[in-house]
A.B. asks: 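Questions regarding the structure given below will be posed in turn.
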Amino acid sequence: MSNWKWQEGDYTVVRTCAWSPPGEHPVGWGLRLFYKDDVLHHVEGDPTNPITQGRVSIKFLELPAYNNSSERIIYPMKRDPKNRGDNSKWERITWDEAYDMIEKETRRIQKEYGPESIMTFIGTGRDLWHTVPKITFSAFESPNFNYPHNGWSCYGPRSSICVYVLGAGYPELDYATEFPELRYDDPNYVLPKCALIIGKDPLVSNPDGLFGHALVDMMKRGTELIVVDPRATWLATRAKYFLQLRPGTDAALYLAMCHVIISEDLYDHEFCDNWVYGFKEFAERCAEYPPSLASSITGVPEDLIVDAARYWATEKPGSMTWGLAVDEKVNGIQTAHLVLLMCAITGNLDVPGGVLLGGSDREAPTSWWGWEELDDDIKAKRLGAAEYPCVSTACSTTQCDIAMDAIRTDKPYPIKMTFTMSSNPIACPSADPRMVDEAMHRPDFNVFADLTMTPSCASYGDLFLPVASTGEKDGLVATHYGALTLFVAACVKGNQVGECKSDDEIMLDLGWRLNPSKFPWKDLYEFLTWELNGYGVEGTWEDLRDSELGFVTPPYEFEKYAYGLQTWNGEPGFGTQSGMVEAYCQRFADWGDDPMPYYEEPPYSPVSTPDLAERYPFVLTTGARSWSYFHSEQRHIKRLRNLDPWPTVEMNPADLERLGLADGDWVYLENMFGKCRQRVRATPIVKEGTLMAKHAWWYPEKGPDDKGFGPYGVFDANINQLVPHGLYGKMGFGSPFKCMICGVTKAEGGPDFEEGWPVNAWDKKPAYLER
Ligand SMILES: Nc1nc2c(c(=O)[nH]1)N[C@H]1C(S)=C(S)[C@@H](COP(=O)(O)OP(=O)(O)OC[C@H]3O[C@@H](n4cnc5c(=O)[nH]c(N)nc54)[C@H](O)[C@@H]3O)O[C@H]1N2
Ligand SMILES: Nc1nc2c(c(=O)[nH]1)N[C@H]1C(S)=C(S)[C@@H](COP(=O)(O)OP(=O)(O)OC[C@H]3O[C@@H](n4cnc5c(=O)[nH]c(N)nc54)[C@H](O)[C@@H]3O)O[C@H]1N2
Ligand SMILES: [Mo]
């Protein structure tokens, strides 16, 4: 009997705090995992977890189906590169053979082409954002760590802007994480009067360290919402102000809101006088956007813009949480800049009940560990770094469009080997996925570390490393990847499935083999303790696991800028070049952009490309999250698939009527870049003329060798065929995933499946139980 493992009848119960897999951001779901005969049987929420307090997402309730699925690959496998695309050719091998292959190819490529010809690929914020950089910089000694979402348009603009404009870690809602015992009832907690929810649907997405349901807890206690979204989400319909804008036009809206706040003298004079650099110039910039103009651009009524701005400036403290829609536009950096300024000029930064901020000493979201030790001539070869210092100063990654161009063209040098840990490029993150698929056949050797076969690996993988899931590994969870550590908790292993290893174990194995001097930890636990201490928590990983809650909250300090806690030298102020919040950012000017935020029409829109819009009359936003799925995962989990069985495009009933379409019809979505097929979902939550199409769809049930639409039918529904590669902002950030244009035509039908698909799919007995 211990705090983290005990017996209940026939079940052994293990307490854990989940991160990934299945794919998830660091929400830290508190879970109790029930094992019977060493097999995960069911999952319950852990009521003692201070954040989630017993609540669980459906994806984690379905963890047994995910972990025990017959689709899991539980042994290493290889396939001769000449057989790429033929999925009957995979052979089971041992870990030693797999590592031998990696070592042999690494040494050969390092010698013949240089280590820069090895590129790693990572997906979204799972618990390997501290792992893959180490594999890249320290094991392979390559400078090319690649996140293949064009224009780094998830988290990149939002987190980098914090570095340049605030000199701080990530901003987040004040949801009483600093009071783990009593939470909202702690007498020192200040409830935000107003919360600004921007381009985010946190109840569904729980991103990056925010437990979305906390908003409901806060609303019950009186917090009012201002929601900015083109779709009437659950939160939007309960908001005090719902600003339903045209996708891609956020910056115009925030310029106008700031204009109202400044021109009506509702701003925080003391804060602006002391701490905002370039306030006067910023006020002039905002004056160019009166609400009437913003209204004509965004489609939000003028009086709503004015009222919401007044409310935000006067109902204090106001908190804010922003989402992916801030980034997924060419104008992403400027949009993010404006959101921060809207919080700054109202005096809401880093005050109780306001916007929490990470300290300047916090790690950037992309870990730099091992980077410094690379030779200067190798560092200089990082793809896209010289062209886009705005990307390369804050992020240790490549600029991903340029990285993909190198694979495609061998310029400036060829990429001979790739190592993909947690990404499915042709199904999910990459624009122009058919081009990416073709390009990815060029390297000599492509390694994947994943849990199931994916369209990407089926198409161009040569080696598959099987990864352990939640419940199968020991690890840590920390919010915002270290950029704002609201809490740290232990992920605990309950059983071993096949020969699966955790990403950290794979990293250590590779490091010890390829470059042992850079991997000083003697085992996983020494490594986890080192990571834990890096988050500012003392003691060993085992101490944390064994503790009463398995969970710690590093102390949070408010108004750090006033006490010298937000700068490197201990002086009061912010950790920026000017020591203030930068409305005017000299660095942006140095990097060839406007030093101040501005609005720019999306590159393809009814306004910027009216001729094209005649043929493709809808404004298209994509990828609003689904309760069932984390990106391209879980399509094979029966109960999750039943909840959301098909790729759908949300359309207003008036548009459907006009086009002679009906709910449930299959349609082609098409523009000048490509085409895909999805199913209509009639709904008034989108305005006439706006569409929202789901992303990351593929059909596991089609099998890996489906010829019609590529492996698992991946090119049937993939909306990213309508998004161009290489279209991003002047400083290398932001791509138009959430603001394209498209046309709709009726399709003859949907994908052809046997009777009963997809709802009766995956009824097979969990194969690993037989193995
Ligand atoms: N059109 C459109 N496209 C989008 C978006 C959008 O909104 N619209 N969103 C974009 C965003 S924000 C992002 S971040 C990208 C995401 O893109 P990716 O992160 O590449 O997402 P996935 O396609 O889910 O690929 C993840 C793979 O990792 C595996 N996996 C899950 N957990 C783990 C783990 O812990 N370890 C390992 N080794 N593997 C794991 C899964 O099985 C899956 O095959 O997609 C982007 N694509
Ligand atoms: N269940 C689940 N959870 C996830 C993921 C998942 O795939 N599934 N993915 C994870 C990842 S990597 C990320 S980045 C986060 C993303 O999670 P969020 O940040 O919540 O982003 P989205 O769900 O893509 O979109 C949020 C809202 O933005 C709105 N929106 C669309 N276009 C615009 C626009 O131009 N302006 C404004 N203001 N709003 C717009 C959409 O209508 C939607 O309601 O979720 C994470 N969590
Ligand atoms: Mo993301």
Side-chain angles (χ1 to χ4, degrees), residues 19-25 27 57-59 121-128 131-132 147-150 153-155 197-208 210 212 227-233 235-236 243 245-250 253 298 321-329 335 420-431 448-457 465-470 473 475 502-503 506 602 619-634 650 685-686 690 692-696 698 718-720 722-723 735 737-740:
W19 190 340
S20 163
E24 188 73 333
H25 284 176
V27 187
S57 80
I58 51 174
K59 292 191 260 68
F121 278 66
I122 194 171
T124 183
R126 304 181 178 90
D127 49 356
L128 42 138
T131 308
V132 183
Y147 164 65
H149 187 39
N150 304 65
S153 49
C154 166
Y155 206 72
I197 318 289
I198 291 190
K200 182 170 194 160
D201 194 7
L203 297 191
V204 187
S205 59
N206 299 294
D208 301 307
L210 173 65
V227 172
V228 186
D229 198 304
R231 296 163 59 245
T233 60
L235 289 176
L243 310 181
L245 81 180
R246 166 163 67 93
T249 62
D250 290 67
L253 179 67
T298 60
T321 192
W322 55 358
L324 176 63
V326 171
D327 303 328
E328 281 187 334
K329 42 177 62 92
T335 306
T420 300
M421 199 169 228
S422 87
S423 185
N424 188 357
I426 68 172
C428 181
S430 300
F448 280 82
D450 209 308
L451 292 95
T452 59
M453 188 51 70
T454 63
S456 303
C457 186
L465 307 178
V467 171
S469 185
T470 293
K473 65 179 198 181
S502 73
D503 296 299
I506 295 172
V619 177
L620 172 71
T621 177
T622 68
R625 285 2 185 189
S626 159
W627 298 98
S628 287
Y629 307 123
F630 199 85
H631 293 296
S632 71
E633 291 179 49
Q634 286 118 342
E650 293 172 351
I685 76 164
V686 287
T690 300
M692 195 292 292
K694 289 286 168 115
H695 80 301
W698 53 292
N718 186 344
I719 191 69
N720 289 346
L722 282 72
V723 183
S735 281
F737 285 89
K738 291 213 195 289
C739 46
M740 288 298 298

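When reading the values below, keep in mind they use all heavy atoms of this one structure, side chains included, and skip hydrogens, waters and symmetry mates. First listed ligand is number 1; within each ligand, the first listed atom is number 1.
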A.B. asks: Judged by atom type as modelled, is there a donor-acceptor pair below 3.5 Å linking the side chain of Lys738 to the main-chain atoms of Thr621?
C.D. replies: no
A.B. asks: Judging by distance only, is a nitrogen or oxygen of Arg625 under 3.5 angstrom from one on ligand 2?
C.D. replies: yes
A.B. asks: Shortest non-hydrogen contact from Trp698 to Ala427?
C.D. replies: CD1-CB, 4.1 Å
A.B. asks: Might you point out which heavy atoms bring Pro148 and Pro425 nearest each other, and give the distance in Å?
C.D. replies: CG-CG, 4.4 Å
A.B. asks: Run the side chain to side chain donor-acceptor pair (under 3.5 Å) check on Thr131 and Asp503 step by step: do they pass?
C.D. replies: CA-CA 7 Å; Thr131 308; Asp503 296 299; over 6 Å; no
A.B. asks: Please give me the minimum heavy-atom distance between Lys329 and Asp250, naming the atom from each residue.
C.D. replies: NZ-OD1, 3.0 Å
A.B. asks: For atom 20 (O) of ligand 1, what is the closest protein heavy atom, and at what distance to 0.1 Å?
C.D. replies: Ser423 OG, 2.7 Å
A.B. asks: Has Asn424 got a side-chain atom pairing as donor or acceptor with Thr454's backbone, closer than 3.5 angstrom?
C.D. replies: no
A.B. asks: Nearest protein heavy atom to atom 11 (C) of ligand 2, by residue and atom, and its distance?
C.D. replies: His25 CE1, 3.2 Å
A.B. asks: Measure the CG-CD1 distance between Leu243 and Ile197 for me, rounded to the nearest 0.5 Å.
C.D. replies: 12.0 Å
A.B. asks: Quick check for you: to the nearest 0.5 Å, what is the distance between Ile122 atom CD1 and His149 atom NE2?
C.D. replies: 14.0 Å
A.B. asks: If I take atom OG1 from residue Thr690 and atom CD1 from residue Ile685, how far apart are they, to the nearest 0.5 angstrom?
C.D. replies: 11.0 Å
A.B. asks: With backbone taken as N, CA, C and O and side chain as the heavy atoms from C-beta onward, which portion of Cys154 lies under 4.0 Å from ligand 1: side chain, backbone, both, or neither?
C.D. replies: side chain
A.B. asks: Considering only protein heavy atoms, which is closest to atom 32 (N) of ligand 2, and at what distance to one decimal place?
C.D. replies: Thr621 OG1, 3.1 Å
A.B. asks: Which residue and atom name correspond to the protein heavy atom nearest atom 21 (O) of ligand 2, and how close is it?
C.D. replies: Leu324 CB, 3.5 Å
A.B. asks: What residue and atom, counting heavy atoms only, is the protein's closest point to atom 23 (O) of ligand 1, and at what distance?
C.D. replies: Ser632 OG, 2.6 Å
A.B. asks: Between Ser422, Gly125, Gly475, which one has a non-hydrogen atom sitting closest to atom 28 (O) of ligand 1?
C.D. replies: Ser422
A.B. asks: Do any nitrogen or oxygen atoms of Asp201 come within less than 3.5 Å of a nitrogen or oxygen of ligand 2?
C.D. replies: yes
A.B. asks: Identify, for atom 14 (S) of ligand 1, the protein heavy atom at the shortest distance, and state residue, atom and that distance.
C.D. replies: Tyr147 OH, 2.9 Å
A.B. asks: Tell me which part of Asp250 gets within contact of ligand 2: side chain, backbone, both or neither, using heavy atoms under 4.0 Å.
C.D. replies: side chain
A.B. asks: Are His695 and Phe737 close enough that their ring centers fall under 6.0 Å?
C.D. replies: no
A.B. asks: To the nearest 0.5 Å, tell me how far Thr233 OG1 sits from Leu203 CG.
C.D. replies: 7.5 Å
A.B. asks: What is the nearest protein non-hydrogen atom to atom 47 (N) of ligand 1, stated with its residue, atom name and distance?
C.D. replies: Cys428 O, 2.9 Å
A.B. asks: Please state which part of Thr622 comes within less than 4.0 Å of ligand 1, counting heavy atoms only: side chain, backbone, both or neither.
C.D. replies: both
A.B. asks: Between the side chains of Lys473 and Asp127, is the shortest nitrogen-to-carboxylate-oxygen separation below 4.0 Å, so that they form an ion pair?
C.D. replies: yes
A.B. asks: Between Cys739, Pro230, Pro207, which one has a non-hydrogen atom sitting closest to atom 40 (C) of ligand 2?
C.D. replies: Pro230
A.B. asks: For the backbone of Thr420 and the side chain of Ser423, can you confirm whether one donor and one acceptor N or O come within less than 3.5 Å of each other?
C.D. replies: no
A.B. asks: Would Arg231 count as being in polar contact with ligand 2, using the rule that some N or O on each side must be under 3.5 angstrom apart?
C.D. replies: yes
A.B. asks: Could you check whether any side-chain N or O of Trp19 sits under 3.5 Å from a backbone N or O of Glu24, counting only pairs where one atom can act as donor and the other as acceptor?
C.D. replies: yes
A.B. asks: Can you confirm, on distance only, whether ligand 2 has an N/O atom lying under 3.5 Å from any N/O atom belonging to Gly323?
C.D. replies: no
A.B. asks: For ligand 2, which atoms have a heavy atom of Thr124 less than 4.0 angstrom away?
C.D. replies: 12 (S)
A.B. asks: Please report whether ligand 1 has a polar contact with Gly123, defined as an N or O pair separated by less than 3.5 Å (distance criterion only).
C.D. replies: no
A.B. asks: Taking only heavy atoms of Pro247 into account, list the atoms of ligand 2 that are under 4.0 Å away from them.
C.D. replies: 35 (O)
A.B. asks: Quick one: which ligand 2 atoms are inside 4.0 Å of a heavy atom on Gly248?
C.D. replies: 34 (C), 35 (O)
A.B. asks: I'd like to check whether Ser626 has a polar contact with ligand 2, where a contact means an N/O of the residue lying under 3.5 Å from an N/O of the ligand.
C.D. replies: yes
A.B. asks: Out of curiosity, is His631 lining ligand 2, as in a heavy atom under 4.0 Å away?
C.D. replies: yes
A.B. asks: Nearest protein heavy atom to atom 6 (C) of ligand 1, by residue and atom, and its distance?
C.D. replies: Glu328 OE2, 3.4 Å
A.B. asks: Among the heavy atoms of Asn206, does any lie under 4.0 Å from an atom of ligand 2?
C.D. replies: no
A.B. asks: How far is atom 38 (N) of ligand 1 from its nearest protein heavy atom, and which residue and atom is that?
C.D. replies: Asp503 OD1, 2.8 Å
A.B. asks: Any side-chain to backbone donor/acceptor pair from Ser502 onto Ala468? Under 3.5 Å, distance only.
C.D. replies: no
A.B. asks: Can you name the atoms of ligand 2, numbered from 1 with element, that are less than 4.0 Å from a heavy atom of Thr233?
C.D. replies: 44 (O)
A.B. asks: Heavy-atom contacts with Gly199 under 4.0 Å: which atoms of ligand 2 show up? List them by number with element.
C.D. replies: 19 (O), 26 (C), 27 (C), 28 (O), 37 (C), 38 (N), 39 (N)
A.B. asks: Which protein heavy atom lies closest to atom 45 (O) of ligand 2, and at what distance to 0.1 Å?
C.D. replies: Ser205 CB, 3.3 Å
A.B. asks: Measure the spacing between CG of Asp208 and CG of Leu210 and express it to the nearest 0.5 Å.
C.D. replies: 9.0 Å
A.B. asks: Among all protein heavy atoms in this structure, tell me which lies nearest to atom 35 (O) of ligand 1, with the distance rounded to 0.1 Å.
C.D. replies: Ser20 OG, 2.7 Å
A.B. asks: Using a 4.0 Å cut-off to any heavy atom of Lys59, which atoms of ligand 2 qualify?
C.D. replies: 1 (N), 2 (C)
A.B. asks: Name the closest protein heavy atom to atom 27 (C) of ligand 2, giving the residue it belongs to and the distance to 0.1 Å.
C.D. replies: Asp229 OD2, 3.2 Å
A.B. asks: Name the option, out of Arg126, His695, Glu633, that contains the heavy atom nearest to atom 4 (C) of ligand 1.
C.D. replies: His695
A.B. asks: Give me the nearest non-hydrogen protein atom to atom 29 (C) of ligand 1 as residue plus atom name, then the distance to 0.1 Å.
C.D. replies: Asp450 OD1, 3.2 Å
A.B. asks: Grab the two heavy atoms, one from Arg126 and one from Gly23, that are nearest each other, plus how far apart they are.
C.D. replies: NE-CA, 3.3 Å
A.B. asks: When you look for heavy atoms under 4.0 Å from ligand 1, do you find them on the side chain of Val467, its backbone, both, or neither?
C.D. replies: side chain
A.B. asks: Which atoms of ligand 2 have any heavy atom of Lys329 under 4.0 Å away?
C.D. replies: 34 (C), 35 (O), 36 (N)
A.B. asks: Supply the atom-to-atom distance Arg231 CZ to Met692 CE, rounded to the nearest 0.5 angstrom.
C.D. replies: 4.5 Å
A.B. asks: I'd like to check which ligand 2 atoms, numbered from 1 as shown, lie under 4.0 Å from a non-hydrogen atom of Tyr629.
C.D. replies: 1 (N), 2 (C), 6 (C), 7 (O), 8 (N)
A.B. asks: Any heavy atom of Thr452 sitting closer than 4.0 Å to ligand 1?
C.D. replies: no
A.B. asks: May I ask you to identify the nearest protein heavy atom to atom 22 (P) of ligand 2, giving residue, atom name and distance to one decimal place in Å?
C.D. replies: Lys738 NZ, 4.0 Å
A.B. asks: Counting heavy atoms only, which part of Val723 comes closer than 4.0 Å to ligand 1: side chain, backbone, both or neither?
C.D. replies: neither
A.B. asks: Keeping Thr470 on the side-chain end and Pro21 on the backbone end, is there a donor-acceptor pair under 3.5 Å?
C.D. replies: yes
A.B. asks: Is it the side chain (CB and beyond), the backbone, both or neither of Asn720 that lies under 4.0 Å from ligand 1, heavy atoms counted?
C.D. replies: side chain
